[in-house]
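Structure first, then comments.
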Amino acid sequence: MREKALTLLTAMLLSAVSALAQENIWAGVKDKPRVELTPYLAAGGSGQSVIVCPGGSYFWHDTETEGTGVARWLQAHGISAFVLRYRTAMVPAFVTHFRLLFRGRRYPDAQDDLTQALRHVRRNASRYGIDPKQVGAMGFSAGGHLVMWAAENLNSSERPSFVVSAYPVVSMEAPCTHRRSRRGLLGDSRTGNSALRHQLSLEHHVPADCVPVLLVCCDDDPVVDPKNSLLLDSALTVQKVPHRFLHYATGGHGFGMSDEKGTAESRQWREECLEWMKALKQKEKNNRP
C-alpha cells in the first residue's frame, strides 16, 4: 500500500513539472511565422532530451497522441522533451490546390523549423538543465521523415544526437510512397519534380557517420506502407549505422502514446525505446574523457 502511495505521489510530482510557456524559436527573425516549441522538463532527469515531432502528413499535427502524450511520457521517465509545432501545409491546402498558384507552406519550412529547434535547445541547455550532447529527435509518420531528414542532412554539430523514427514516411519516389505526405511536403506545384523527390527520399542519403537510429514499424500499417521502414533499415545496414529496428506484426499506424490505438505488441516500443536511450546515454558517458 505504501509503495503504491509513493508511486502515485511521484507521478503527481512529475506532472506538476508541467510544460513551460510555449517558446517562439523564430523570435526576432523577420517574416518568420510563429513556430511553437513547448518544453516538458524533467526535474533531476538523466540529462537526455528529445525534440518531439508529431505526424500528420505534413498537413497538420497529431498533437496529443504523437506530441504532448509522448512528451509527458518522456518527462515521467526523467527525459526532458520539447514538442515542436513545425510548419505544415494546413487543412486549406489539403482540401484545395491553391499551392499550384501560391507558395503556401512547403519544403523546407518544417526542416528549417527543426533545425532552429535543435539550435535553440542546445543554446539554452543550461537553462533547461540538459546535456547539449544528448539532444535527440523523435518523430512519427511524417514527423519520422522530418527527424530522419535532420540526421542525414545537418552537419555534425547541428544534427540530433540520436533519432527515433516511428512508422515513418521514408520514400518520395518509390511505389510505396505516402502520397498525401509527399503532396504536403513538396506542394502541389512540385509533386512531379523528380529531382526533389529523389532529394527527399531518405533511403538514398544515409551518411556513413549517421547518428544512432531506432526505427519502429508494423506489418499491418494501413496508412504508410511498411516497405518505407524496410528501405530505411536496409540503407542504415549498408552504411553500418548503429540502429535498432523494432519490427512488429501488429499495431497499425498512429498509435504513438495511445493505450487504445495499436496493440499490446506494438506498445512494447515504449519500454524498448527507453532501454535503447538508456544504453546510448551510458555509452556516451563511458566515451567521455
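For reference, positions follow the sequence shown, starting with 1.
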Problem set entry | Trp269: which of Trp73, Tyr248, Phe245 passes ring-ring contact (aromatic ring centres under 6.0 Å, His included) | Trp73
Just grab all the side-chain hydrogen bond (donor to acceptor under 3.5 Å, both in side chains) pairs involving [range], residues at least two apart or on different chains.
range: residues 271-280; value: Arg244-Glu272
range: residues 217-226; value: Asp219-His247, Asp221-His253
range: residues 49-64; value: Ser57-Arg180, Tyr58-Gln111, Tyr58-His145, Thr63-Arg85, Glu64-Thr68

Exercise. Taking atom NZ of Lys281 as the centre, does the number of heavy atoms from other residues, nucleotides or ligands within less than 6.0 Å exceed 12?
Worked result: yes
Exercise. Above 12 or not: heavy atoms from other molecules or residues under 6.0 Å from CZ of Arg179?
Worked result: no
Exercise. Mind checking whether Cys176 and Leu231 have side chains closer than 4.5 Å, heavy atoms only?
Worked result: yes
Exercise. Do Leu114 and Trp149 come within less than 4.5 Å of each other through their side chains, counting heavy atoms only?
Worked result: no
Problem set entry | Worked check of salt bridge (charged side-chain N to carboxylate O under 4.0 Å, His left out) between Asp113 and Arg105 | CA-CA 12 Å; Asp113 294 340; Arg105 293 180 173 184; over 6 Å; no
Exercise. Between Phe255 and Phe140, is the ring centre distance below 6.0 Å?
Worked result: no
For this session: Output all residues satisfying side chain to side chain contact (heavy atoms under 4.5 Å, CB included) with Ala125, sequence neighbours left out; order by chain, then residue number.
Result: Ile130, Pro132
Seminar exercise, completed: Arg123 meets the side chain to side chain contact (heavy atoms under 4.5 Å, CB included) criterion, sequence neighbours left out, with Arg119, His120
Problem set entry | Residue pairs passing the ring pair (Phe, Tyr, Trp, His ring centres under 6.0 Å) test where at least one lies in residues 207-228, sequence neighbours excluded | none
Exercise. Which pairs, with at least one residue in residues 168-198 and sequence neighbours excluded, count as a ring pair (Phe, Tyr, Trp, His ring centres under 6.0 Å)?
Worked result: His198-His204, His198-His205
For this session: Can you run down the salt bridge (Lys or Arg N to Asp or Glu O under 4.0 Å) pairs that involve residues 182-191, sequence neighbours left out, and say none if there aren't any?
Result: Arg99-Asp188, Arg183-Asp188
For this session: Please list, chain by chain and in numerical order, all residues satisfying side-chain hydrogen bond (donor to acceptor under 3.5 Å, both in side chains) with Arg267, sequence neighbours excluded.
Result: none
For residues 235-242, tabulate all N or O donor-acceptor pairs below 3.5 Å that involve a side-chain atom, not counting sequence neighbours.
{"from": "Thr237", "atom 1": "OG1", "to": "Asp233", "atom 2": "O", "distance (Å)": "2.8"}
{"from": "Gln239", "atom 1": "NE2", "to": "Val206", "atom 2": "O", "distance (Å)": "2.9"}

Problem set entry | Ion pair check, Asp131 and Arg122, cut-off under 4.0 Å | no
Can you confirm whether the side chains of [X] and [Y] place a donor and an acceptor under 3.5 Å from each other?
X: Gln134; Y: Ser161; answer: no
X: Glu36; Y: Tyr86; answer: no
X: Gln282; Y: Asn286; answer: yes

For this session: List for me each residue that meets ring pair (Phe, Tyr, Trp, His ring centres under 6.0 Å) alongside His97, sequence neighbours excluded, and say none if there are none.
Result: none
Exercise. In chain order, what residues pass the ring pair (Phe, Tyr, Trp, His ring centres under 6.0 Å) check against Tyr107, with sequence neighbours excluded?
Worked result: none
